[in-house]
Asks: 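This is the structure I want to talk about, given as structure tokens.
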Amino acid sequence: MNADTDPHPESRAAQALGWIDDATRAISPPIHVSSTFLRDADNGYSSGRVYMRDQNPAFDQAEALLTSLEGGHETLLFASGMAAATAVFQALQPGDHVLAPKVMYWSLRNWLHGFATSWGLEVELIDMTDAAAVRAAIRPTTKLVWAETPANPLWSITDIAATAEIAHAAGALLAVDSTTATPVLSQPLALGADIVMHSATKYLNGHSDLTAGTLTVGSDSEQWQRVRAVRAQIGGTLGSLESWLLLRGMRTVYLRVRAASASAQRIAEHFAGHRHLSAVLYPGLPGSPGHEIAARQMPGGFGGMLSIRVTGGPDAAVAVAAHTRLWKRATSLGGVESLIEHRASIEGEGTPVPADLLRLSTGIEHSDDLIADLEQALDAAHA
Ligand code: PLP
């Protein structure tokens, strides 16, 4: 990319890189549904496409756009964030050691414990916010460091540049789950990460109407080719309609994420020190753990996700969620509608999440309305 001549990322996203269909001059891409492609008479495939599973033309634009927004070399779409994340681990070899955070997306943590270890990966969960702990945990067999920042659902912050340095010194890769930060607020590859992962189900799509995942790599490598092979052979790929919807969602990602982030900042500031809360967890609050690092690596805002801890314990937290009207009680995040969730009840036993915690995904409604709804729910639950 040339910063002097290329349009800003907002413009690239809005126009999906300015693509126009050669055949029809359509501004929006067609949806291809063919599962197979015609072979040439000489037995070749001059179109470059053989079979839909991992050569769906519907992937092309969404992958190219995200590669551009992340400043990467190549992007692969997957059928979900989990399919994307697990492909990175599946590309490793039995006996390889991986470091992952104690605080991370719970389903991936469960998969690492349950499946990855049974396939011979040595999985070690550590405090990824502590560079000294990361350095101390490195072994000669460490091949991958997995970070998530801000990390679900405590929104703890990992210093990407410092962690990349430690991983690279050991000959390991750093992969970052940047679902919460999005390319709008953070550029992990520019900070030294090797792979960026998104649950595109969340902000990239933004409308809670599909599941999708992405991996973007900074440069090609043997390991990346193995990840490509995992996708092609296992086939956890995205459908045509979902790929099309994802591209449509990504066109407005800058507007949506900036609105959600500004609103979350306002909500966090409003509720900090609230009489019915013991804590507001949001990296945008000065004095919160990792605030300075977050300010450095997320210069455009701290994201739309925050959590609150309700006085009165787990029952009071569940009661607050029960009394909200505008905030919808549902799992997931990153959509235009605001969601509230009692996390401990979905994560189950062994979760590091406090039982009095509610996770808030701020949408793009007016922040006055979101604040008023949460105020009345807190009062009703504590009446
Ligand atoms: N990473 C994070 C941070 C998530 O929040 C999620 C889903 O909630 C995932 C990964 C998994 O993505 P998906 O649900 O698209 O499989």
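Both ligands and their constituent atoms are indexed starting at 1 by order of listing. Along the sequence shown, residues are numbered consecutively beginning with 1.
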Asks: Of the side chain and backbone of Ala212, name the one, both, or neither that has a heavy atom under 4.0 Å from an atom of ligand 1.
Replies: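 The backbone, only.
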
Asks: Is it true that Arg325 and Asp369 make a salt bridge, defined as a side-chain N closer than 4.0 Å to a carboxylate O?
Replies: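 No, this pair does not count.
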
Asks: Any Lys/Arg nitrogen of Arg231 or Glu63 sitting under 4.0 Å from an Asp/Glu carboxylate oxygen of the other?
Replies: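 Result for this pair is yes, salt bridge flagged.
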
Asks: Starting from atom 11 (C) of ligand 1, locate the nearest protein heavy atom and write down its residue, its atom name and how far away it is, to 0.1 Å.
Replies: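 Heavy-atom neighbour on the protein nearest atom 11 (C) of ligand 1: Tyr105 CE2, 3.3 Å.
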
Asks: What residue and atom, counting heavy atoms only, is the protein's closest point to atom 15 (O) of ligand 1, and at what distance?
Replies: Thr201 OG1, 2.6 Å

Asks: Taking Asp373 first and then Lys328, would you say they form a salt bridge - that is, a charged N and a carboxylate O separated by under 4.0 Å?
Replies: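 Between Lys328 and Asp373 there is no salt bridge, as every charged N stays at least 4.0 Å from the carboxylate O atoms.
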
Asks: Within a 6.0 Å radius of atom CD1 on Ile346, are there more than 12 heavy atoms belonging to other residues, nucleotides or ligands?
Replies: yes

Asks: Among all protein non-hydrogen atoms, which one is nearest to atom 13 (P) of ligand 1, and what is the separation to 0.1 Å?
Replies: Gly81 N, 3.3 Å

Asks: How far is atom 1 (N) of ligand 1 from its nearest protein heavy atom, and which residue and atom is that?
Replies: Asp177 OD2, 2.6 Å

Asks: Hey, which atoms in ligand 1 end up nearer than 4.0 Å to a heavy atom of Glu148?
Replies: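 In order of number, 3 (C).
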
Asks: Look at atom CD of Glu124 and say whether more than 12 heavy atoms of other residues, nucleotides or ligands are closer to it than 6.0 Å.
Replies: yes

Asks: Going by the atom numbers of ligand 1, which of them fall below 4.0 Å from some non-hydrogen atom of Thr179?
Replies: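 In order of number, 1 (N), 2 (C), 3 (C).
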
Asks: I need the nearest protein heavy-atom contact for atom 5 (O) of ligand 1: residue, atom name and distance, please.
Replies: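 The closest one turns out to be Asn152 ND2, 3.1 Å.
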
Asks: Between Arg359 and Asn152, do the side chains contain a donor N or O and an acceptor N or O under 3.5 Å apart?
Replies: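 Indeed, the side chains of Asn152 and Arg359 share at least one donor-acceptor pair under 3.5 Å.
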
Asks: How does Thr331 reach ligand 1, if at all, at less than 4.0 Å between non-hydrogen atoms: by side chain, backbone, both, or neither?
Replies: neither

Asks: Would you check if Met128 and Met104 make a side-chain contact, meaning some heavy-atom pair closer than 4.5 Å?
Replies: no

Asks: Can a donor-acceptor pair be found, under 3.5 Å and without considering hydrogens, that links the side chain of Arg53 to the backbone of Ala232?
Replies: yes

Asks: Among all the protein's non-hydrogen atoms, which is closest to atom 16 (O) of ligand 1, and how far away is it?
Replies: Met82 N, 2.8 Å

Asks: Is Met197 touching ligand 1 with its side chain, its backbone, both, or neither, if touching means heavy atoms under 4.0 Å apart?
Replies: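 For Met197, the contact with ligand 1 is made by the side chain alone.
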
Asks: Let me see the working for Trp146 and Val88 under side chain to side chain contact (heavy atoms under 4.5 Å, CB included), right down to the final yes or no.
Replies: CA-CA 10 Å; Trp146 183 271; Val88 178; 4.1 Å; yes

Asks: Heavy-atom contacts with Leu333 under 4.0 Å: which atoms of ligand 1 show up? List them by number with element.
Replies: 5 (O)

Asks: Using a 3.5 Å cut-off on N or O atoms only, is Ser199 in polar contact with ligand 1?
Replies: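 So ligand 1 has an N or O lying under 3.5 Å from an N or O of Ser199.
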
Asks: Considering non-hydrogen atoms of the protein only, which is the closest contact for atom 14 (O) of ligand 1, and what is the distance?
Replies: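 Protein heavy atom with the smallest distance to atom 14 (O) of ligand 1: Lys202 NZ, 3.8 Å.
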
